[in-house]
Amino acid sequence: MKNTVRKEIEKAFIELDNQEGWGSANPGAFDVSHPREEKFGDFSTNLAMIMASRLKKKPRDLAELLTAILRKNDLFETVEVAGPGFINFRLRPVRWARELGRVFREKESFGRVEIGKGEKVMVEFVSANPTGPLHIGHGRGAAVGDALASILRWAGYDVVREYYTNDVGLQMDNLGRSTLLRARELAGEILAEEPAYKGEYMKDVARAFMEKHGPDILSAPEAEALAIARDFAAENIMEGIRKDLADFNVHFDIWYSEKTLHESGSVEKLIDMMLEQERIYEKDGALWLKTDEQGDEKDRVVRRANGVTTYLAADIAYHKTKLDRNFSTLVNIWGADHHGYVPRMKAVISALGGDPDKLVVRLVQLVSLKKGGQTYAMSTREGVFTTLREIMDEVGADAVRYFFLMRSSDSQMEFDVELAKSQSSENPVFYVQYAHARCSSIFRQAEEKGVATPDFQHVNPELLTGEGELRLIRKLMELPEIVEVAASSFQPHHLTQYMYEVAGLFHHFYKHNRVVGEDEALSAARLSLVMATQMILKNGLGILGINAPDKM
RNA sequence: GCGCCCGUAGCUCAGUUGGAUAGAGUAUCAGAUUGCGGAUCUGGGGGUCGCAGGUUCGAAUCCUGCCGGGCGCACCA
């Protein structure tokens, strides 16, 4: 609808331009927005203010001239000049009601837009090392990454969800050693040293390890036992991560293993190539990548003096594969504690001959937990963290996702556990899901009373022009705009916020308008509005990866 | 010391590319409903948008400086 209005404004401007002979032809960039105050109308444009300086006219005078033309358009009920030179539009109510037909034509696709034009986008997220279970920080990244991927898909991009596993290197060796230590402890030995991974979960890993390999494994040669323990632990923990994510309704297209990059030799090959290109040089026995001249604080080591490559070396090879796979945008969702890597990774992209602007890093800020009136900061340093599994078990996957998605990922957030658990209107996820369930309930009621589900083509739109109805309809028709905003800002919370508003307007409508009543035509019209609302709630919640229940 | 994010109502937070009298929930106060799910709805009070400059017709939004909070600054990942 917004685009329709924009086109009408452009047409009017061109007409005015011809009439006055300014020859400016192009109205340029101007806004069409929903005014904050309802009394200003359905849409508002700043065109007159933008063009005023270019044409050396007073904004209000220009606005008046445009208004005279726009008033002839029967799309609008009123066109008015306001404030410093805004033009405010109010559409004829019946035009809004008729617009609902779009929802019934597009159904489960209503909300899709084509700004992506089929371009390939990768969203890489979570990518936690298989050294321990996911905690709620990972959970926030998982929710944001997954919802963002869906939003981009709805915006017309060809999206791939990818998880990169760091399944080799020093951390993995530490993991193997920790497993063996715990296994020996289970066998009755005293801990020879403090394990690198101290969490309780390591005891479970060790127990499973012993069950599979039996006690003989402990007397095997150290190197052999270590390798077996390492591989077992990594696989065991990774399995848990996959399960957690699946239960969190997060599904990846590709699980990319760092190990394969080493095994294929592409890490070494790229280092050699960059040495030749003098993007990598030797100093103090180590090999360094020139990231400094690309905006990083200093150059970075890719191969240590002891001959072992660093994480960065693998990351070069990994990002090479991303570039080779022809994505137009590479989105990475990282925890805020990794922000220092952004310039480094941009430098890597440049060194590979790619455009660093292709890499979009969304940093997701930390989560703290509020429980029993206390706030707990999640801290890896102090080893205090709640796992994603624990919080999912306590409040449910839907509520966890909703809470992670209702705030801007740029802000640190407080997760109120009691609120997420409460089954009342105070809890936003219940408020939204309840709106959907209420729609279903209305249909059940209609069915009992023998009221048929209407076909929108036979509904009289004039019957949907009450204040509460119009407000709801206007909001419903915004879904495509919201998808666009969320996609272009890479911020899913815009959609979550919108869902809440839709639910609020629907509850209001329901309270003040009898849906299934005596008047057959009116019942049909209102039932169709409920159907449209339910479709929007279902589509929106679907994008966010949250269930839309018929009963609660 | 350098860098990134944040600072908006008592509390938790929105505010799309700069727009009109800055919003929601919650808390608080006051109300509604003999009917489709009260898991709902209506209203009131509550603000120096951290502070100070600057750009602009117009700044919560952009720029600079300062203050406060969080997080990073390895030949770890």
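Lettering follows sequence order; numbering is per chain, from 1. This one's a predicted model, so the numbers in the text were calculated from it and none came from an experiment.
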Looking only at the side chain of [X] (C-beta and beyond, no hydrogens), which of the listed nucleotides [options] gets closest?
| X | options | answer |
| --- | --- | --- |
| A:L170 | B:C76, B:C36, B:U42 | B:C76 |
| A:H508 | B:C36, B:C41, B:C13 | B:C41 |
| A:H493 | B:C71, B:G15, B:C76 | B:G15 |
| A:Y500 | B:C41, B:G25, B:A14 | B:G25 |
| A:Q497 | B:A27, B:A14, B:C41 | B:A14 |

Just checking [X]: base, sugar-phosphate only, or nothing, at a heavy-atom cut-off of under 4.0 Å?
| X | answer |
| --- | --- |
| A:D167 | nothing |
| A:Y431 | sugar-phosphate |
| A:K370 | nothing |
| A:R407 | base |
| A:N427 | nothing |
| A:N306 | nothing |
| A:D299 | nothing |
| A:T310 | sugar-phosphate |

With rounding to the closest Å, how many angstrom separate the [atom1] atoms on [N] and [M]?
| N | M | atom1 | answer |
| --- | --- | --- | --- |
| B:C6 | B:A14 | C1' | 15 Å |
| B:G47 | B:A24 | C1' | 15 Å |
| B:U61 | B:U8 | P | 14 Å |
| B:A59 | B:A52 | P | 15 Å |
| B:G15 | B:G7 | P | 10 Å |
| B:G44 | B:G23 | P | 12 Å |
| B:G3 | B:A9 | C1' | 33 Å |
| B:U26 | B:U16 | P | 23 Å |

Using whole Å, what does the distance between atom [atom2] of nucleotide [N] and atom [atom1] of [X] come to?
| X | N | atom1 | atom2 | result |
| --- | --- | --- | --- | --- |
| A:L47 | B:U17 | CG | P | 20 Å |
| A:R6 | B:U17 | CZ | P | 14 Å |
| A:F403 | B:G25 | CZ | P | 15 Å |
| A:R344 | B:G72 | CZ | P | 14 Å |
| A:L366 | B:G72 | CG | P | 7 Å |
| A:L472 | B:C41 | CG | C1' | 15 Å |
| A:M413 | B:A14 | CE | C1' | 13 Å |
| A:I115 | B:U16 | CD1 | C1' | 12 Å |

Atom pair OG/CD of A:S44 and A:E80 - distance to nearest 0.5 Å: 11.5 Å

Is the closest side-chain heavy-atom distance between [X] and [Y] below 4.5 Å?
| X | Y | value |
| --- | --- | --- |
| A:F30 | A:M51 | no |
| A:N332 | A:M345 | no |
| A:R444 | A:S440 | yes |
| A:L544 | A:M499 | yes |
| A:W288 | A:I280 | no |
| A:L505 | A:F509 | no |

Of A:K475, A:K2, A:R6, the residue whose pairing with A:E481 passes salt bridge (Lys or Arg N to Asp or Glu O under 4.0 Å): A:K2

Looking at [N], I'd like to know if its phosphate oxygens (OP1 or OP2) sit under 4.0 Å from a side-chain N or O belonging to [X].
| X | N | value |
| --- | --- | --- |
| A:H338 | B:C73 | no |
| A:Y510 | B:G35 | no |
| A:H494 | B:G15 | yes |
| A:K298 | B:C75 | yes |

Any donor-acceptor N or O pair under 3.5 Å, side chains A:S409, A:Q491: yes

Exercise: do A:H262 and A:E268 side chains pair donor with acceptor under 3.5 Å: no

Base-paired stems that RNA chain B participates in, counting runs of 3 or more Watson-Crick or G-U pairs under 3.5 Å: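 Paired runs of 3+ in RNA chain B: B:1-7 with B:67-73, B:10-13 with B:23-26, B:28-32 with B:40-44, B:50-54 with B:62-66.
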
A:S33: side-chain hydrogen bond (donor to acceptor under 3.5 Å, both in side chains) partners, not counting sequence neighbours: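 Here no residue qualifies.
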
Pair A:D410-A:R362, side chain to side chain contact (heavy atoms under 4.5 Å, CB included): steps then yes or no: CA-CA 8 Å; A:D410 286 337; A:R362 293 305 312 179; 3.3 Å; yes

Can you pull every protein N or O that's under 3.5 Å from an N or O on nucleotides 54-60 of chain B?
none

Verify stack between A:F86 ring and B:A20 base, 5.5 Å, 30 degrees: yes

Face-to-face contact A:Y311 to B:C76 six-ring, under 5.5 Å, under 30°: no

Whichever of A:V301 and A:N46 has its nearest RNA chain B nucleotide further upstream toward 5': A:N46

RNA chain B: 5'-proximal contact among A:V485 and A:G517 (nearest heavy atom): A:V485

Salt bridge (Lys or Arg N to Asp or Glu O under 4.0 Å) between A:R344 and A:E297, intermediate numbers included: CA-CA 9 Å; A:R344 198 175 310 180; A:E297 293 166 22; over 6 Å; no

Base of B:A20 paired with side chain of A:S44 (donor-acceptor, under 3.5 Å):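 Indeed there is one.
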
For A:D292, all residues meeting salt bridge (Lys or Arg N to Asp or Glu O under 4.0 Å), sequence neighbours excluded: none

Listed once per pair and sorted, the side chain to side chain donor-acceptor pair (under 3.5 Å) pairs that draw on residues 509-528 of chain A, sequence neighbours left out: A:E469-A:R526, A:N513-A:R526

Return the polar atom pairs (N/O with N/O) between nucleotides 3-10 of chain B and the protein under 3.5 Å, or none.
residue : atom : partner : partner atom : Å
B:G3    : N2   : A:H339  : NE2          : 2.2
B:G3    : N3   : A:H339  : NE2          : 3.4
B:C5    : O2'  : A:Q365  : NE2          : 3.3
B:C5    : O2'  : A:D410  : O            : 2.4

